[in-house]
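Structure, as structure tokens:
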Amino acid sequence: MLRIAIQTKGRLNEQSVELLREAGVMIKEEKRKFLMRAANFPVEILFLRDDDIPQTVAMGAADLGIVGYNEVAERGYEVDILQHLGFGGCRISLAVPKSVQYDGLDYFNGKRIATSYPNVLKRFFDEKGIEAKIHTITGSVEIAPAAGLADAIFDIVSSGGTLISNGLVEVEQVLHSEAVLIGTPQLCDEKMNVVRQLMSRFESVQKGYGKKYLVLNLPSSALDEAVKILPAMRSPTVIPLAQSGWCSLQTVVDEKELWDIIERLKAIGAEGILVLALEKIVL
Ligand code: PRT
Ligand code: ZN
């Protein structure tokens, strides 16, 4: 039986459970225990703090784990990164008080930097030849400069709101991170088959992220023009309508381009435009 470690609670928990659910691995939330067997797939889910997931997988106490790449990079345990999962995106950055005149990495020589990611920061500074004093703190790193505990911080940034509200400015983005699927090195063939199956399901789910299904009616004379506007997987599906001279067009579009595409299609005569949620794309 394959065992997957995921975060018990926190930023990655909900999306990890959701990804597993969409991949057909059902977990009964209401009866959640430390270790749970999935209802309809040969896996067990182990709920842990994210800090403990890389080590648990490296030791083989779990075969797979879903965790932020930042944790894998910081802890340094030997695990295979099997797949990037497309959620939990963030970066670990150096930030300084906004009153500081920052003109490059040399600023950090001899400075005190507060962080929960000392190993990632040390590697970065070693590579760049910077000698700074790294203070490891857990908890609210962003208050360290105002409290007089540090000259700068090295912390996770996502929207940047936390930095702004603490009077800090992001000056160097050091590591980009997202949730990753990690695995114990050298899984046996039997487990590897289940892992491959799971990864292919994850890929299908991910392909649907940020995508919408678009259905619309169009004068047939505008079809060539519409095909140029629509970035379909191969080409859009075209179905004739009962009313002659009209067709129905169906395709998948990226959510980011949705409104732009809709406006361009309306301009060439599209009507009855439906935007539908898309769950998975299996290629
Ligand atoms: O309890 P447990 O130890 O399991 O959880 P945790 O409290 O250590 O971690 P958690 O749940 O906060 O985060 C889990 C993972 O989510 C991290 O390891 C990252 O991979 C990822 N992630 C994505 C983030 C963020 N975005 C994020 N914004 N983790 C933390 N933050 C924090 C950051 O520390 C800072 O305080 O949010 C703040 C900055 O956010 P912005 O949006 O204001 O820039
Ligand atoms: Zn943690």
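Residue numbers count from 1 along this sequence. Counting starts at 1 for both ligands and their atoms, in listed order.
Under the 3.5 Å distance criterion, with hydrogens and angles disregarded, a donor-acceptor pair is assigned to the side chains of E74 and N119. At a cut-off of 3.5 Å, with distance as the only test, a side-chain donor of Y213 or Q250 sits close to an acceptor on the other residue. Under 3.5 Å, the side chains of Y117 and E71 contain a donor-acceptor pair of N or O atoms.
Residue-ligand proximity, L12 to ligand 1, at heavy-atom distances under 4.0 Å covers atoms 15 (C), 16 (O). Taking every non-hydrogen atom of G161 and a distance limit under 4.0 Å, the qualifying atoms of ligand 1 come out as 43 (O), 44 (O). If you number the atoms of ligand 1 from 1 as listed, the ones under 4.0 Å from a heavy atom of S159 come out as 41 (P), 42 (O), 43 (O), 44 (O). Ligand 1 places these atoms under 4.0 Å from at least one heavy atom of G68: 20 (O). The atoms of ligand 1 that sit less than 4.0 Å from any heavy atom of G10 are 11 (O). Near N70, the atoms of ligand 1 lying under 4.0 angstrom from a non-hydrogen atom of the residue are 17 (C), 18 (O), 19 (C), 20 (O).
Protein heavy atom closest to atom 14 (C) of ligand 1, with residue, atom name and distance, is D50 OD2, 3.5 Å. Ranking protein heavy atoms by distance to atom 1 (O) of ligand 1, first place goes to R49 NE, 3.7 Å. Scanning the protein heavy atoms around atom 30 (C) of ligand 1, the nearest turns out to be R11 NE, 3.3 Å. Remark: minimum distance from atom 35 (C) of ligand 1 to any protein heavy atom is reached at I156 O, 3.6 Å. For atom 5 (O) of ligand 1, the closest non-hydrogen atom on the protein side is Q7 NE2, 2.9 Å. In terms of protein heavy-atom proximity, atom 43 (O) of ligand 1 is closest to T162 OG1, 2.5 Å.
A distance-only check finds no donor-acceptor pair linking the side chain of Q206 to the backbone of K280 [under 3.5 Å]. Judged by distance alone, with hydrogens and angles left aside, the side-chain atoms of Q7 form a donor-acceptor pair with the main-chain N or O of L12 at under 3.5 Å. Under the 3.5 Å distance criterion, the side-chain polar atoms of D155 are left unmatched by any main-chain donor or acceptor of T115.
Between F108 and E172 the shortest heavy-atom distance is CE1-CG, 4.5 Å.
Remark: Q173 CD is packed, more than 12 non-hydrogen atoms of other residues, nucleotides or ligands lying under 6.0 Å away. Within 6.0 Å of OH in Y69 there are 12 or fewer heavy atoms belonging to other residues, nucleotides or ligands.
Annotation: side chain of I229 is in contact with side chain of I268 (closest heavy-atom distance under 4.5 Å). For the pair P145/L168, a side-chain contact is recorded, criterion being any heavy-atom separation below 4.5 Å from C-beta on.
Aromatic pair Y102/Y107: ring centres closer than 6.0 Å.
Where the criterion is an N or O separation shorter than 3.5 Å, residue side chain and backbone included, Y69 fails it with respect to ligand 1. At least one N or O atom of G160, backbone or side chain, sits closer than 3.5 Å to an N or O atom of ligand 1.
The nearest protein heavy atom to atom 7 (O) of ligand 1 is not closer than 4.0 Å.
Shown are the protein N/O/S atoms under 2.8 Å from the Zn ion (ligand 2), given by residue and atom: D50 OD1, D51 OD1.
In the candidate list D51, T138, V157, D51 is nearest to atom 3 (O) of ligand 1, counting heavy atoms.
Here D51 pairs with R75 in a salt bridge; the nearest charged N to carboxylate O distance falls below 4.0 Å.
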Practice prompt. Walk me through it: do E131 and N109 pass the test side-chain hydrogen bond (donor to acceptor under 3.5 Å, both in side chains)?
Written response: CA-CA 5 Å; E131 293 208 12; N109 271 314; over 6 Å; no
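Contact annotation for C90 and ligand 1: only side-chain heavy atoms (C-beta onward) come within less than 4.0 Å of the ligand.
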